[in-house]
Every structure is written in C-alpha cells, then in structure tokens.
Number of protein chains: 2
Amino acid sequence: MTRWSIGDLAKASGLTVRTLHHYDEIGLVVASERTTSGHRRYTPDDVRRLYQVRSLRQLGLSLDEVRSALSRSDSLRPIFQAQLAALTAQAQQVEALRSRLTALLDGHTTESLLSTLEMMSVHESYFTADQLTDLRSRAAALGPEAVEALKASWLELVKQLRQHMADGTPATDPRVVELSRQWDALGARFTGGDAAIQAAAQRSWDENKASISAQIGWPADDGLVDYVTQARAAQ
Amino acid sequence: MTRWSIGDLAKASGLTVRTLHHYDEIGLVVASERTTSGHRRYTPDDVRRLYQVRSLRQLGLSLDEVRSALSRSDSLRPIFQAQLAALTAQAQQVEALRSRLTALLDGHTTESLLSTLEMMSVHESYFTADQLTDLRSRAAALGPEAVEALKASWLELVKQLRQHMADGTPATDPRVVELSRQWDALGARFTGGDAAIQAAAQRSWDENKASISAQIGWPADDGLVDYVTQARAAQ
DNA sequence: GTAGGACCTCCCGTGGCGTGAGGTTCAAGC
DNA sequence: GCTTGAACCTCACGCCACGGGAGGTCCTAC
C-alpha cells in the first residue's frame, strides 16, 4: 500500500479532507495520481510534501509563504527570520493588550469601564503615542489615589466655575481668575506642563466638544471653557 | 454643527468611510439621521457609540463581542476576562512558536531545516504533547553533541544490521541479537524507557513506513524493523 | 453654472478553509 | 452477484472585517 486515499491521509495527518482538497485546488499539495474514476491517490512523495507543509503551517506561515519556502530550500532561513520578527512584533502587541486589559479590570468598577475606554479612545486620536506614554507614566507616578483626588478637585473646580457663570460673575472677577489659575495648575499636573500636549488637548477639545460632553458628566458646549479662557486672559 | 458627515467622522476617528459603512450595514453604529438625499448624519450619541466601539475593538474584541458588550454594560467584565484569557493563551502560543523558530534557526543548517521540521511534524501526529515535551527535554538534557553522537551510533547500527540481512545471517544469530539489544538501548536513551512513548513510536512506524522512509535516508520497508523484532524475541 | 470632491448603493475580492448539496464509486457482507 | 452504507467526487456558498472599484447623485465653492 504505497498510495494513500485522501481520507486515510487526513486521519494520519490530522487535517481534514476539505483542507487536502483545498491544498490540491491551489496546487500546494497535489495528489500525483488519480484512480480511473477520479479518486485521489497520494504517493509517498506527496505525503512527504504534505508533512512539510503542515510543519511550516504550524510555525504560523501563510500558505503562500509555505509555497515559496518549499520552492527553494535556500529561502527557508530568510522566511523563518521574517516570521520570527513578525511573531516578536505580535507578541509585543498581545502583551500591550494584555496589560491594558489587566489594568482596566484591576482598577475600575464596571460602570466606569466604558467611559474610561471611550476617553482613552478619543484621546488616542489627538495625542501621539509618545505623548500618551507620557501621560500614562505620569498617572502611574502619581498613583491611582492621587489621580482620583485630581479628578475630584477637577469636578469641584468645575462646579464652582459653573456656579459663577450661572450667577453672572464676570470672567475678570478675581475669584474667577483664581479658579482659572487652579484650572491650569490642575491641567499641568496631568500634562506635566508640556505645551505640545496641552495644544493637542485643546485641539481635541475644539473638535470633540459634542462627543466628549457626555462622558465627563457636564455639557461641553455651555461656554465653560470659553469662560475660563477669558479668565485666563485676565491672569 | 452637532451632526457629523461620514467623511469628517472618519477623519476624526481614524477609521475609513468603508468601515463606517460596514458598521452601519450590520447595525453596530448606525447614523441616526439622513439628509433628504440620503447622506448619513451622525449625532453626538452616534459618535459616542462609535468611540466606544473603536476602543473595544482596540482591545481585540470581535464586532459581535463589541455588540454584546455594548448591549448590557454588566457584560463588560466577563467579556474582558474572556478576552484576557484568550490573549494569554495566544501569548503562550506565540511564545512557543518563537522559541521553536529560534531553536531551529540557531541549531540547524539550511539543508537540515526542512527534514527536521518534517520529522517533528510526523512525530507530532503520534506523540502526545506531554510525550513530546518529554522527548525534547531529554534531548536538551543530553545536549546537541550527544544527540548527534546518538544519531551516528544509530546509523552505524543500521548499517551493520543491513549488512547481516544482506548476508542472510539469521535473526537469532548472537551477533544480530546483540545488535538488537544495542538498538533497544539506543531507543531507550531517546524515549527514556517510557513504554507509552515506545508504543507510540511503534504505532507511528507501522502507519508511516512509506512516508518516513525518505527522510531518515534508508528504505523503510526492507524488513529491517521486522528483522530486529525477530532478533529481539531471541534476546 | 460648472467643476470636482464627497457621498450614495451594489458588488466582487481577500485567506483558509467549513459545510453542505447532489451525484458517483468503493468495499464489505450476504 | 447484489446491496448497502461509507467514502469519494465536484461545485458552490458562507465566514470575518472590511478594501476597492464601478457607476451614479449630491453638495459646495468659485
């Protein structure tokens, strides 16, 4: 029995009949012989080739890569090296995702998960990767409680400012100017005083008012930012 | 401007117009409004949803997973945990592939790459993962030179046995019996004397004679194994 | 009023097969 | 020799997350 039927070969190799059909279709592993009625007969050479294909596939190569790897044996080493580089990159990406997920799961309540994600997502459109790394490391350096404290101060600040707005206090009022100074100081704690990051935040703000408003809990287009801008001018 | 055109939203979010079309088609992020002529108008709520989708996608979730994640916020945590588990598994697989590739690239000449792979592949059909780990750690413990020395002894043994076969020496001849004892001893060095591994090897042998023959460099069906089996019976 | 960019829908293509449908052939038991 | 059920054959559509193009309409700025 030196010829294999497709079913026996499928069992022996652990692949499916459909997969062998597919390899035959695309000419990757073709049954060298056929019975008169058209049934595939795999020769030992075909079987050898199939096992080579299977092992290369198990290393994560695409069928096209497998094909060219088998076409000339001297192309194996560069292909392997490329594959190793690709796998290394993939490993890094997977690790990055994993750490983000673990951080999210560890540090947040269920309700805050989505809004946190949304903020991250929005921000990533406007900050460069380096800037984000910066922001994150700063947040990490401060520690989670400090970050929470900052957020609380922020909300308190916003509350007072809106109260002044509602009261009709002019933006040039010393109390408002003082609040705007605190606003900027708080912002600097987040941005590290980096002008580029502040500019990116400003740009993000200008272009995303509407969509950001909901997630931070107060209407974004009620003129608060403009009010602070005016007050800042009077500093 | 509280409504976004699809092009502007694409630019702002970093996605393509086609992607937004796709999300609209499958009902994941639908533009709540249309102009009279049919152009999509995204409301702030739509934009918010899009950013949520984008952030969940960046964590590696499928569109279906994103959909169910957004349907009920309490499903976020389990979904994240599942995703984390999947990513962990993926990271392990990628690492396993990477180490296999590095080992291959470090330890083998170009010509031996393919046949090594093929043998690995064939063996993996017949050994369990644990048994393979066993085999590999034993090979690692012996060190590469020792493994090469074993292979050389093996080839020498085979050479002598085939000579005896060609000469017509009966399998019960003491010299042949001694050689069969060495054969088993060598095998034990590989298998660690594990009966299950030896049985798996035997099964692999029985079912793969033809395909194995080429890679180990001598015809597999010339009766050598049967000859040794007879000799072993006379031990 | 006209150019050209933005938008619309429809539809085929990707990779690596899974999963039938509908028909032929093989192998084992009577 | 005959029957049956398993194995095999060839289409051919489906998946996932869109990419890309055709062919047509609409909007906006000059």
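Heavy atoms only: backbone and side chains are in, while hydrogens, waters and symmetry mates are out. Below, chain A is the first sequence line, B the second, and so on; all start at residue 1.
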Self-check item: Residues from residues 23-34 of chain A lying under 4.0 Å of DNA chain C - heavy atoms
Solution: Tyr23(A)

Quiz item: Taking CD from Gln58(B) and C1' from dA17(D), how many angstroms apart are they, rounded to a whole number?
Solution: 15 Å

Practice problem: Taking only heavy atoms on the protein side, list every residue of residues 84-94 of chain A lying under 4.0 Å from any atom of DNA chain D, sorted numerically. | Solution: none

Quiz item: How does each nucleotide of nucleotides 19-30 of chain D score, in 5' to 3' order, for protein heavy atoms under 4.0 Å: base (B), sugar-phosphate only (S), or none (-)?
Solution: BB-----SS---

Self-check item: Which atom of Ser71(B) lies closest to which atom of Ser68(B), heavy atoms considered
Solution: OG-O, 2.8 Å

Exercise. Could you tell me which residues satisfy side-chain hydrogen bond (donor to acceptor under 3.5 Å, both in side chains) with Glu95(A), sequence neighbours excluded, listed by chain and number?
Key: Arg98(A)

Quiz item: Which residues pass the side-chain hydrogen bond (donor to acceptor under 3.5 Å, both in side chains) test with Ser32(B), sequence neighbours left out?
Solution: Asp46(B)

Quiz item: Where is the tightest heavy-atom contact between Tyr42(A) and Val30(A), given as atom of each residue plus distance?
Solution: CE2-C, 4.4 Å

Practice problem: At the 4.0 Å heavy-atom cut-off to chain A, mark where contacts on DNA chain C begin and end, going 5' to 3'. | Solution: dG16(C) to dC26(C)

Practice problem: Kindly indicate, with the supporting measurements, whether the criterion side-chain contact (heavy atoms from CB on, under 4.5 Å) is fulfilled by Val29(A) and Leu20(A). | Solution: CA-CA 7 Å; Val29(A) 181; Leu20(A) 297 182; 5.9 Å; no

Quiz item: Partners of Glu33(A) by side-chain hydrogen bond (donor to acceptor under 3.5 Å, both in side chains), sequence neighbours excluded?
Solution: Arg3(A)

Quiz item: Should the heavy atoms of other residues, nucleotides or ligands under 6.0 Å from CD of Gln81(A) be counted, would the total exceed 12?
Solution: yes

Quiz item: Please give, in whole Å, the distance from dC8(D) P to Trp4(A) CH2?
Solution: 13 Å

Self-check item: Where Ala69(B) and Leu56(B) come nearest, the two heavy atoms and their spacing
Solution: CB-CD1, 4.1 Å

Quiz item: At their closest point, which heavy atom of Ala12(A) faces which heavy atom of Trp4(A), and how far apart are they?
Solution: CB-CZ3, 3.7 Å

Practice problem: Could you list the residues that satisfy side-chain hydrogen bond (donor to acceptor under 3.5 Å, both in side chains) with Asp24(A), not counting sequence neighbours? | Solution: Arg40(A)

Quiz item: Looking at Ala10(A) and Thr16(A), what are the two nearest heavy atoms and their distance?
Solution: CB-C, 4.1 Å

Quiz prompt | Partners meeting side chain to side chain contact (heavy atoms under 4.5 Å, CB included) with Gln83(A) (sequence neighbours left out) | solution = Leu61(A), Glu65(A), Leu87(A), Leu101(B)

Quiz item: salt bridge (charged side-chain N to carboxylate O under 4.0 Å, His left out) with Arg41(A): which residues, sequence neighbours excluded?
Solution: none

Quiz prompt | Value rounded to 0.5 Å, distance of CG in Leu70(A) from CD1 in Ile79(A) | solution = 8.5 Å

Exercise. Measure from CZ on Arg57(B) to P on dC16(D) and round the result to the nearest Å.
Key: 12 Å

Practice problem: Mind grabbing the angle between the end helix axes of the helix from dG1(C)-dC30(D) to dC30(C)-dG1(D)? Five pairs an end, 10° rounding. | Solution: 10°

Self-check item: Contacts of Arg67(B) that satisfy salt bridge (charged side-chain N to carboxylate O under 4.0 Å, His left out) - sequence neighbours left out
Solution: Asp64(B)

